[in-house]
There are 2 protein chains.
Amino acid sequence: MIAVKVSEKSIRRLSHYARCLRLAKIRGESIITSQELATNCGISSAAVRRDLSIYGEFGKQGSGYKVDDLLVNIENILGTTDPPSVIIVGAGSIGCALMISGLAGTAGYTYDSIFDNDPAKIGRYCGEKQIRPIDEISEVIRDKKEVIAVIAVSSGSGQDALEMLVDAGCNAILSFALEPLKAPDNVEVRYVEVSTELDVLTHSMRRKERVN
Amino acid sequence: MIAVKVSEKSIRRLSHYARCLRLAKIRGESIITSQELATNCGISSAAVRRDLSIYGEFGKQGSGYKVDDLLVNIENILGTTDPPSVIIVGAGSIGCALMISGLAGTAGYTYDSIFDNDPAKIGRYCGEKQIRPIDEISEVIRDKKEVIAVIAVSSGSGQDALEMLVDAGCNAILSFALEPLKAPDNVEVRYVEVSTELDVLTHSMRRKERVN
DNA sequence: GCGTGTGAACCTCTTCACAGCG
DNA sequence: CGCTGTGAAGAGGTTCACACGC
């Protein structure tokens with residue numbers, strides 16, 4: 001596999017293609033065209049072909065792409081063939097909800113464990129997992145060598161959680177915290193920003209009114 | 001206010017600036033520079049000035065931007081001066097968690113109500129709100145004229161939920177569902193895609209390994 | 001004939017660097 | 001003098017349209 005530098009937008013789309021392919025597989029389809037993938041993902045077929053051709057020639061002219069093969073190739077590119085463990089930091093409502101709802105339909109991620117610093121919560125169950133004390137994070141991260149951490153702590157504690165994770169060796173974080181977090185360059189932090197999504201929706205809603 | 005066509009990325013950043021400004025206001029700061037906003041949001045100061053200059057000349061050369069004024073202006077642009085009501089469809093773990101955790105620190109959004117189609121759940125409390133039967137959605141949407149709906153239903157029911165919302169007149173939707181949804185052109189649908197975020201994180205994590 | 005892979009044109013967003021104003 | 005606002009240059013991503021292979 002040749003390392004190719006590539007935009008995040010393209011990676012996001014690969015993730016979407018993978019999702020479509022899993023669904024196509026379930027439906028029993030063995031061949032899929034760029035047009036079908038495009039319609040399912042809400043983009044143009046040229047964009048799909050461009051994305052895929054960056055990494056290789058996966059398709060067959062005149063027919064399309066083999067569903068199974070393309071999925072394997074994309075998972076290989078994403079590195080999700082054997083997905084890393086995911087841990088949750090913060091057993092509040094959001095953290096527990098994530099744990100309970102699980103990650104079915106994804107590349108095969110599973111929530112490995114959930115942590116909190118509130119002694120009253122330790123040992124209680126979220127779904128099938130017991131909430132663990134936060135000081136056990138570092139040994140968990142050392143055991144699995146690669147871990148993605150989801151930060152779902154209450155407002156204001158996000159930075160503390162991040163620093164604890166980074167110290168323990170974690171370098172991939174998905175934060176539900178409202179505040180922007182500071183992290184070293186070698187640590188990738190992504191955000192789920194419900195309030196920004198609401199702002200974007202409000203903006204487009206209000207803009208439409210003005211136009212009409 | 002002149003209507004300006006503008007990219008979604010710029011709107012997202014305006015949302016971030018608004019968040020920084022609210023924090024600056026709480027800290028009691030009255031003036032802020034593009035550089036400070038930039039550092040807080042992890043981008044360049046030129047980008048901040050560019051974003052803001054699209055809509056007007058909000059700053060003072062030599063000093064910076066008045067925190068209060070800039071916040072008012074940005075909220076005016078976003079349309080969040082009086083934010084629309086937000087409703088939640090689906091009182092599963094995610095829906096309830098959102099309702100319970102609320103929207104503090106945002107432009108002032110509040111979750112107005114939560115709906116489910118499971119008779120066993122109707123009337124039970126999520127935080128301070130009772131879960132309402134799904135057929136009451138249309139009257140709620142008619143009462144408030146503008147509503148953003150958050151779809152947090154179980155896998156496979158997302159499209160049904162969307163259609164019900166669209167029929168009731170809702171045109172702004174934030175979906176936590178895994179599957180991509182089809183909607184009419186005049187309806188804006190956005191997604192919270194935890195599984196795609198995990199894929200992006202996995203990709204960058206695995207890529208780093210290869211480089212080292 | 002059909003659908004992929006891709007050069008080339010196009011378009012959009014970002015960065016640079018500096019004039020101009022307080 | 002400091003910081004904004006912005007023309008101009010640059011970088012990056014998308015779309016077009018068609019040659020090529022099945």
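Every chain is numbered from 1 and lettered A, B, ... according to where its sequence line falls, protein lines coming before strand lines.
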Can you tell me how far C1' of C/dT4 sits from NZ of A/K66, to the nearest Å? 16 Å
At less than 4.0 Å, is any side-chain N or O atom of B/S7 found next to OP1 or OP2 of C/dT12? Yes or no. no
Which residues pass the side-chain contact (heavy atoms from CB on, under 4.5 Å) test with B/S138, sequence neighbours left out? B/R142, B/A168
B/L178 CG to B/T196 OG1 distance, which is reported to the nearest 0.5 Å: 8.0 Å
Answer whether the closest heavy-atom distance between the side chains of A/I173 and B/L201 falls below 4.5 Å. no
Roughly how many Å is it from CG in A/D69 to P in C/dT4, rounded to a whole number? 15 Å
D/dC22 C1' sits how many Å from A/I31 CD1, rounded? 12 Å
Report the distance from atom CD1 of A/I43 to atom P of D/dC16, rounded to the nearest whole Å. 13 Å
Minimal non-hydrogen separation, B/C126 against B/M99, with atom names: O-CG, 3.5 Å
Could you tell me whether the side chain of A/F115 reaches within less than 4.5 Å of the side chain of A/I87, counting heavy atoms only? yes
For A/I54 and D/dG13, give me the distance from atom CD1 to atom P, rounded to whole Å. 9 Å
Could you state the CG-P distance from A/L70 to C/dT4, rounded to the nearest angstrom? 10 Å
Round to a whole Å and report the spacing from CD of A/E8 to C1' of C/dC13. 15 Å
Taking only residues two or more places apart in sequence or in another chain, which ones pass salt bridge (charged side-chain N to carboxylate O under 4.0 Å, His left out) with A/R50? none
Might you list the N or O atoms of the protein lying below 3.5 Å from N or O atoms in nucleotides 1-5 of chain D, with each pair's distance?
from	atom 1	to	atom 2	distance (Å)
D/dG2	N2	B/G62	N	3.3
D/dC3	O4'	B/G62	N	3.1
D/dC3	O2	B/G62	N	3.3
D/dT4	OP1	B/S34	N	2.7
D/dT4	OP2	B/S34	OG	2.6
D/dT4	O2	B/Q61	NE2	3.3
D/dG5	OP1	B/F58	N	3.1
D/dG5	OP1	B/G59	N	2.9
D/dG5	OP2	B/Y65	OH	2.6
D/dG5	N7	B/R49	NE	2.8
D/dG5	O6	B/R49	NE	3.4
D/dG5	O6	B/R49	NH2	2.9

What is the distance, rounded to the nearest whole Å, between atom NZ of B/K9 and atom P of D/dG12? 12 Å
